Each structure stands twice: as structure tokens, then as C-alpha cells.
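As C-alpha cells, the structure follows; a few thoughts come after it.
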There are 2 protein chains.
Amino acid sequence: MASKPELDHKDWQLLEALQRDARQGYAELGRAVRLSAPAVAERVKRLEEAGVISGYRAVVVPKRLGYSIDAMIRLRCDGGICARIGQHVADIHEVLDCRRLAGEDSALLHVVAMSVAHLETVLDRLLKIHPSVSTTTLVVLQTPHADRPITRAMWDAACALSHD
Amino acid sequence: MASKPELDHKDWQLLEALQRDARQGYAELGRAVRLSAPAVAERVKRLEEAGVISGYRAVVVPKRLGYSIDAMIRLRCDGGICARIGQHVADIHEVLDCRRLAGEDSALLHVVAMSVAHLETVLDRLLKIHPSVSTTTLVVLQTPHADRPITRAMWDAACALSHD
DNA sequence: TCTGAAAGCCTTTCTAT
DNA sequence: ATAGAAAGGCTTTCAGA
């Protein structure tokens with residue numbers, strides 16, 4: 001899971017281009033990296049098969065669909081509950097992200113809601129998971145950076161620090 | 001920013017399909033939603049122009065590039081610093097997400113690192129922003145859900161609750 | 001692993017409804 | 001807002017290196 005596949009300069013260019021716009025075609029990508037379309041298609045397929053690229057997603061803006069509230073919810077709960085937190089929130093669709101943590105909090109959720117009343121129903125559902133569950137809700141005021149791309153510059157700098 | 005554009009069933013089908021795989025072509029989408037390719041292209045363009053779709057991204061897996069550590073960092077700091085937290089972390093590329101919060105914490109960052117030593121250098125850079133900055137680091141053990149799609153089922157249920 | 005060629009399909013634009 | 005038609009471009013496969 002944590003291997004470092006050998007990515008050359010063109011692989012990085014393709015990765016960066018596809019993070020910028022996943023709908024670019026192979027011909028267009030090929031022009032950008034100076035490779036033929038079939039060569040690009042092969043490289044991209046290899047990146048997918050290596051698990052470096054896990055998919056391609058349209059980015060949907062919840063605010064534009066009426067979700068005016070964006071919140072992060074810190075959860076504390078018993079070990080057994082937290083170990084299965086993903087299953088417990090699986091059918092609460094307002095939970096967009098769910099991470100289990102080591103540290104002060106047991107888990108962290110990213111939640112969207114259409115109103116304060118709606119947020120309240122989500123919190124109620126979370127508290128109903130188990131009596132040991134308690135929550136701290138943090139409302140997002142702004143998101144200066146979301147899902148920034150992983151770039152070659154970033155990777156090179158990190159490798160220099162980790163020297164291996 | 002928080003309007004609810006009228007999305008019909010086919011718009012939702014397109015949104016869901018593009019969240020599943022952003023590289024599908026218009027012809028393929030058209031077959032799925034029973035619409036001609038030009039009609040699909042127009043609808044997708046409208047969703048983009050309405051800001052419902054803000055872009056298309058390849059999902060890159062940091063672990064597969066050597067980033068073995070995934071952490072959430074809670075920040076506390078003076079108001080003036082936090083108001084500009086996005087700028088302050090802009091050139092710390094290990095920060096993939098940055099949100100300013102209302103509540104116990106002033107901001108929350110999603111950070112990746114290649115090693116504990118690397119994570120330490122990131123923390124040091126964060127603390128160097130200003131003397132008022134303090135951090136709480138939470139290491140991610142697992143991510144049962146990441147960026148779940150926004151679906152019509154979810155939206156319908158939410159609208160029923162918010163009845164408007 | 002790449003290029004180049006070829007077939008078939010797709011995107012895009014335009015027209016008309 | 002959609003379908004249909006047409007031109008050009010694109011994807012995909014295959015051969016050859």
C-alpha cells in the first residue's frame with residue numbers, strides 16, 4: 001500500500017493534468033506531454049492499475065444544491081463503536097467523509113446540512129448510534145483549500161526531507 | 001450561493017454518473033439517461049455554469065506515492081491569523097485541505113506526510129506562522145468514507161425535512 | 001514502451017422542431 | 001430543450017521497432 005512506484009516526468013505531468021481536469025482526452029494530454037495518444041492511454045492505465053489514480057470524479061458544490069451548512073463533527077465513543085464507525089454512519093448520507101482517528105477524538109466527520117434544524121437531525125442520528133457517543137460540532141466558516149492536488153514539486157521536496 | 005436550481009431526474013442521473021466516473025463521454029451518458037449526446041452536453045454545460053459542478057478531478061491516492069501518514073491537525077490561533085489561515089498555509093503543500101471553523105478550534109487541516117520526521121517539519125512550519133498558533137495532531141487510522149457523492153436520494157430526504 | 005496507421009465512434013455545430 | 005445530420009477529431013487496436 002505504501003510503495004513508491006517509479007514515476008517519471010511525463011507520469012507526473014499526466015497526474016497533474018488529470019487532477020486539474022479529469023475530462024481531458026488522451027490526444028489533448030498527449031499534446032501537453034509530447035506523447036502519442038496510445039502512449040498516454042497506456043501510461044494512464046498503468047497509473048490506474050498501480051492504484052495511484054483510484055478514479056475520476058465530478059466535483060459537486062453542496063452549497064449550490066441548498067446545503068448551506070458545512071460542519072466538521074468530532075466524535076468520542078467506545079473503542080468497539082469507533083472501530084465500526086464507518087458502518088454506523090454508512091446510511092447517514094449527510095456524512096460526506098468519515099475518518100477514524102488516534103488522539104483526543106475517536107473520529108471526525110464532514111457533514112453537510114440544509115438548515116440548523118437539518119443539522120440537528122443529523123446530530124440526533126449520530127448520538128443514537130450508542131450511548132457512549134458524544135459530539136463536538138464545528139461549523140465551517142470558509143474553505144480556503146479543498147483537496148489540493150498532489151504535485152511533483154511537493155513530492156520531490158518531501159523525498160528530499162525523508163531521504164530514502 | 002445557496003440557491004436551489006431546479007434539477008430534474010435526468011440532471012440528477014448525470015450528476016450521479018459523473019461523480020462515479022468523470023471520464024464518461026456524452027454518448028455513453030446519453031445512453032444511460034436516454035438522451036442524445038448533444039442534449040447531454042448542454043445539460044452538463046448548464047450544471048457547470050450554474051456552479052453545481054465546479055470541476056472534474058482524478059483522485060490520487062497519497063499512500064501509493066509514499067505518503068504513509070494521513071493526519072488531521074486542529075489549530076487554535078488569534079483571530080487575525082485565522083482569518084488568513086488559507087494564505088498562511090498556501091505554500092505548505094502537505095496541507096491538502098484547510099478550513100476555518102467556528103467553535104473550539106479555529107481551523108482544521110488535512111495533512112499528508114511520508115514519515116513522522118516529515119510530519120514534524122510540517123508541524124514546525126505551522127507553529128512558525130505566529131506565536132499564537134497551537135496545534136493538536138490527530139493521526140488518521142482509517143477512512144471508511146471519503147468524499148461520498150451527493151445523490152438525489154439524499155437531497156430528496158433533506159428537502160422533506162427542511163420542508164421548503 | 002513507443003509510434004503510426006486505420007476503423008469506428010464520438011464530439012461539436014448547426015438546423016429544425 | 002431536444003433530436004438529427006454531418007464534418008472533423010478522437011479512441012482504440014494492432015503492427016513494427
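Lettering follows sequence order; numbering is per chain, from 1. Predicted model, so just to flag it, every value in this text is computed and none were measured. Side-chain atoms are counted along with the backbone in the values below, which use heavy atoms only and exclude waters and symmetry mates.
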Which nucleotide in D:dT2, C:dT3, C:dT12 has an atom nearest any side-chain atom of A:L35:
C:dT3
Closest to the 5' end of DNA chain C, once B:Q24 and A:A39 are matched to their nearest nucleotides, is A:A39
Euclidean distance, atom CG of residue B:L29 to atom P of D:dA3 [Å, nearest integer]:
14 Å
In whole angstroms, how far is the P atom of D:dA1 from the NZ atom of B:K45?
11 Å
Figure out the NZ/P separation between A:K10 and C:dC2, and round it to whole Å.
9 Å
Expressed as a whole number of angstroms, how long is the span from A:D8:CG to C:dT1:C1'?
11 Å
When you measure from the side-chain N and O atoms of A:R31 to the phosphate of D:dC10, is any distance below 4.0 Å, counting only OP1 and OP2?
yes
Closest to the A:R43 side chain: D:dA3, C:dT3, C:dC2?
C:dC2
Any B:R23 side-chain N or O less than 4.0 Å from OP1/OP2 of C:dC10
no
One thing to verify: whether A:R43 and A:D8 come together as a salt bridge, which I'm taking to mean a side-chain N less than 4.0 angstrom from a carboxylate O.
yes
Checking contacts here: which listed nucleotide (D:dT13, D:dG4, D:dT2) is nearest the side-chain heavy atoms of A:P38?
D:dT13
A:R34 CZ to C:dT3 C1', straight-line distance once rounded to whole Å
15 Å
Might you confirm whether atom CZ of B:R46 has over 12 heavy atoms from other residues, nucleotides or ligands at distances under 6.0 Å?
yes
Atom pair distance, as rounded to whole Å: OH in A:Y26 and C1' in D:dT13
14 Å
Under 3.5 Å: donor-acceptor pair, side chain of B:R64, backbone of A:A50:
yes
Could you state the atom-to-atom distance from CG of B:D11 to P of D:dA1 in whole Å?
9 Å
Can you tell me the distance, in whole Å, between the CD atom of A:E42 and the C1' atom of D:dT11?
13 Å
Any salt bridge between A:R148 and B:D97, counting N to O under 4.0 Å?
no
Evaluate whether atom CZ of A:R152 has more than 12 neighbouring non-hydrogen atoms of other residues, nucleotides or ligands under 6.0 angstrom away.
yes
